[in-house]
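We use all heavy atoms of the structure for the numbers below, so side chains are in, but hydrogens, waters and symmetry mates are not. Labels below follow one simple rule: chain letters A, B, ... track the order of the sequence lines, proteins then strands, and each chain is numbered from 1.
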Amino acid sequence: MLVLFETPAGFALFKVLDEGKLANVEDLGNEFATAASARKMVKLKAFDKFDNTSDALEAVAKLLEGTPSKGLRNFLKANCKGESLAVADSKLGNIIKEKLKIDCVHNNAVMELLRGVRSQLTELITGLGDTDLAPMSLGLSHSLARYKLKFSSDKVDTMIIQAIGLLDDLDKELNTYAMRVREWYGWHFPELAKIVSDNILYAKAVKLMGDRINAVKLDFTEIFGDDNDIESNLKEAAVISMGTEVSDLDLLHIRELCDQVLSLAEYRAQLYDYLKSRMNTIAPNLTALVGELVGARLISHGGSLLNLAKQPGSTVQILGAEKALFRALKTKHATPKYGLIYHASVVGQAAPKNKGKISRSLAAKVALAIRVDALGDGQDNTMGVENRLKLETRLRQLEGKDLGRLSGSAKGKPKIEVYDKDKKKGSGGLITPAKTYNTAADSLLGQTPTADSAENSVKKDKKKKKKADAEEEPKTEEPSKKKSKKKKTEVEEAETEEPAKKEKRTKRKHEAVEETEMPAKKKEKSEKKKKKSEA
Amino acid sequence: MRHPQRGRGGGGGGRGLARGGGGSAGRGRGNGRGRGPGGVKGRERESDGGIIGGSKVLVMPHRHEGVFIAMNIKDVLLTKNLVPGETVDNEKRISVQNEDRTNVEYRVWNPHRSKLAAAINNGIDNIWIKPGVKVLYLGASSGTTVSHVSDIVGSEGCVYAVEHSHISGKGLVTMAKKRTNVVPIIEDARQPSKYRMLVGMVDVIISDVNQPDQAKILAHNASYFLKPGGHFMISIKANTIDATLAAETVYQKEVEKLQMEELRASELLPLEPYEKDHACVFGGYRLPRKHKAATAT
């Protein structure tokens, strides 16, 4: 009988020398207690080594599915003539029986046998020591683990993080070199620096002409296109330039530097393309929402896509503005409204007033998109595209609301912003509602046709509330006053029980048609009614 | 006049709340939320054992070989870091300078997260894990305890870590990349035949799978890989096996189940106060009869 034993180095086939002992399963273990007695039980007949780790991985992966790999089949065919084969896995045994017509055995005795072989493995297989097996086992286990975890090398976000880091480095280097070219060549032809503002074009121009004397003869249309202005300026300036002469050797070096600049610029463009394609593969939804560059920066900032996926939307909103955030928290000021998200195109399109709102909505959707990309299975960007549409709709709504306010709403009186000379915010700028008469100065506010006027004018402390009511709009309020009013009304709301609330609701129905409701006023109406009823 | 007061108080309170929230969020972000599901009662920052950064500690070897203790306000368990400079789960590290100016780094072993550490703290007689030993660890999860076992067995020993879940498996593989004596295996521990080509014979099996049939799992793995005269440790959570019975009854039943599979228990140790209704069972496998007679006195 033969025994098939799998090792990380390859397949081993042992011949059982003393088959009689197999009957006594209990004591079989003792036979393998020492190397000598083990050698009397089994002998190594053949060994099929794996060529390399990938070969081993393939063979073992097939084995785990229960099918013998090609190598194993050939090995068995060559060596198992006319003998029964002891295997560790009965499923494997069945398939071997089917395909190779080799009888397979799997029972307790076989298990004990395998145990024994395993314990004396290094003794039984000469040339395979412990030190050889260990790294092989390690390598095979890592490959297997990667195979199991479906580690696809496409979806590695490390590439993105490195690429974006390199992009930033390249930009810096490019700028440094370009500045150097300008300075250096400026010694010879200073006027060129002012004429040609773009770094790449400057380098190309310098490369083309070398000494400025050549400028007049050469044709610069390849560089500047049809822009004759620059070309003519250049040629003029070349003739009357105040720069000194430079030798050919110097020009050679300047030209080399220009070459460097140009090749770096070219590489940067390639790198950017690479980054875009990687972003689309790794995080398609994120790219659809905010674009490749912002997406890559977010991933790089978070450390990894998975890390980023763990952050809530509010964190995503202010990623990149941590310094401002913690400073504001420490000094009790307003926290920043956007971080890296600011550079997304959706936020760029919004009016300054709406940037904060859009940034918040965008951050919420971005957080969802990141999670889909990091943890989901799909490779498409449908979720990102849909959400992008939603966001653009919302942006239009926001802007529409402002415009609507400007032209007056269908309900009647539009929301009025009261003039407040101390207001620090509200550089809102582009769309500001019209400044109107300050109705707070008018103490007869309660007698406007919104009903229940009589009760309102009665008590003294209500006057303060009226003032507060008039200055209803959320944008204008000085924080403390508003908070106090809110607190008070909140407290009083809490006090009022069910009936009061029902009252409020019915009142709302009646006064549905009227001008903009002042909720606080309502509340005070209801609790005043209650007080009246109590009194 | 209550209004102005209320106003200021309200304003201050509101801002204060925001500050508190922001502050804790900041702290939280810095920390990493490792403590989520395992968190027990109240403040769970005892992982560092009260060691304040920069304080001097005295490191002494523990009774168990390969384990160390830091003498400080609270005695803290340590293992010698196999990969100096790296932590597996943001645990605290202690650096000690030898006489010959070399630095030795130790990592803090948290008994609240690791059942083995809890058992050691509760005074287990013999953990059977020492430098040079080969260990099979079932239920390795993300590899925190595995890393400490790997520290103890050192570069001569080997830890085969089996974990079925893919999410924890990823963390395990990442940890194993740094430690060459850990062999990660992403398979179901119920089918040891699936990783038979990766594992040799081991000296100790540690089982932390937390499944109702864990006795059978341990027995099956032992029949494949545990050398005769080898040892095992199994951690039992009473609720997993049978939530209706009392904890002690469950432990006894498990011990009996193991007995039937030639796994003879030698110590049963409850893991209070680190875990509730948990116990550890240590024992031997196919112990030679003669030895049993000698120790049975």
Side-chain angles (χ1 to χ4, degrees), chain A residues 5-8 11 29-30 32-33 56 59-60 63-64 88-90 92 111-112 114-115 118-122 130 133-135 137-138 140-142 144-151 306 310-311 314-315 322 325-326 328-330 332 335 461 464 479-488 491, chain B residues 1-16 18-23 25-26 29 32-33 158 160-161 163-164 166-167 169-170 172-173 176-177 180-187 191-202 222-229 286 288:
Chain A
F5 191 83
E6 304 91 349
T7 73
F11 294 112
N30 299 335
F32 289 92
V60 171
L63 208 62
L64 292 181
D89 185 9
S90 49
L92 180 68
M111 296 312 292
E112 278 300 322
L114 287 170
R115 239 183 95 84
R118 192 187 300 278
S119 57
Q120 296 292 349
L121 193 61
T122 47
D130 237 353
L133 269 183
S137 167
L138 201 59
L140 183 58
S141 75
H142 274 273
L144 252 181
R146 278 197 289 267
Y147 168 75
K148 272 250 140 184
L149 295 175
K150 294 193 182 49
F151 176 87
L306 201 58
K310 294 182 192 167
Q311 311 286 25
S314 53
T315 305
E322 282 85 0
L325 174 71
F326 290 115
L329 287 172
K330 272 188 221 162
K332 302 185 205 175
T335 52
D461 49 350
K464 280 199 185 135
S480 56
K481 232 191 193 175
K482 187 153 196 246
K483 274 190 188 144
S484 69
K485 176 194 65 158
K486 264 201 179 147
K487 265 232 162 183
K488 202 164 196 235
V491 166
Chain B
M1 289 285 272
R2 293 175 67 218
H3 292 214
Q5 263 181 16
R6 183 75 62 80
R8 254 181 258 130
R15 269 184 245 121
R19 191 183 3 125
R29 206 179 298 153
R33 296 129 214 226
C158 186
Y160 302 94
E163 170 57 41
H164 194 31
H166 282 213
I167 305 168
K170 277 205 183 113
L172 184 65
V173 172
K177 277 206 186 103
T180 47
N181 62 354
V182 176
V183 172
I185 302 170
I186 315 292
E187 283 292 350
Q191 296 172 317
S193 61
K194 292 230 159 164
Y195 42 93
R196 66 183 186 273
M197 58 286 295
L198 295 168
V199 187
M201 286 308 253
V202 296
S223 74
Y224 266 82
F225 305 120
L226 189 52
K227 72 171 192 207
R286 295 199 184 178

Measuring heavy-atom distances to chain A, does A161(B) have an atom under 4.5 Å in its side chain, in its backbone, in both, or in neither?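 Contact with chain A is absent: no heavy atom of A161(B) under 4.5 Å.
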Between [X] and chain B, with a heavy-atom cut-off of 4.5 Å, which part of the residue counts as in contact: side chain, backbone, both or neither?
X       : result
L121(A) : neither
S119(A) : both
L114(A) : neither
L63(A)  : side chain

Working to the nearest 0.5 angstrom, can you tell me the gap between S193(B) OG and E6(A) CD?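 That separation rounds to 9.5 Å.
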Distance, nearest 0.5 Å, that separates OH of Y224(B) from CE of M111(A):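 Result: 3.5 Å between the selected atoms.
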Stepwise, does the side-chain contact (heavy atoms from CB on, under 4.5 Å) test hold for L144(A) with I186(B)? CA-CA 8 Å; L144(A) 252 181; I186(B) 315 292; over 6 Å; no
Pick from R286(B), K227(B), K170(B), K177(B): which one has the most heavy-atom pairs with chain A under 4.5 Å?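 Looking at each option in turn, the highest pair count goes to R286(B).
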Can you tell me which of K194(B), H166(B), R196(B), E187(B) forms the most heavy-atom pairs within a distance under 4.5 Å of chain A?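 So the answer, after comparing K194(B), H166(B), R196(B), E187(B), is R196(B).
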Minimum-distance pair of heavy atoms, taken over all atoms of A222(B) and R115(A):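 Looking at all heavy atoms of both residues, the shortest contact is O-NH1, 2.8 Å.
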If every non-hydrogen atom of L138(A) is compared with every non-hydrogen atom of V182(B), which pair is closest and at what distance?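 So the two residues come closest at CD1-O, 3.2 Å.
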Backbone N or O of V173(B) within a donor-acceptor pair of the R146(A) side chain at under 3.5 Å?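 No, because the side chain of R146(A) does not come within donor-acceptor range (under 3.5 Å) of the backbone of V173(B).
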Give a yes or no on whether the backbone of L198(B) and the side-chain of S137(A) come within a donor-acceptor separation of less than 3.5 Å.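 Flag set: sc S137(A) to bb L198(B) pair under 3.5 Å.
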Close side-chain approach of M197(B) and F5(A), heavy atoms under 4.5 Å: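 The answer is no; the side chains never approach within 4.5 Å.
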Side-chain heavy atoms of E112(A) within contact of S223(B), under 4.5 Å: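 A side-chain contact under 4.5 Å is absent here.
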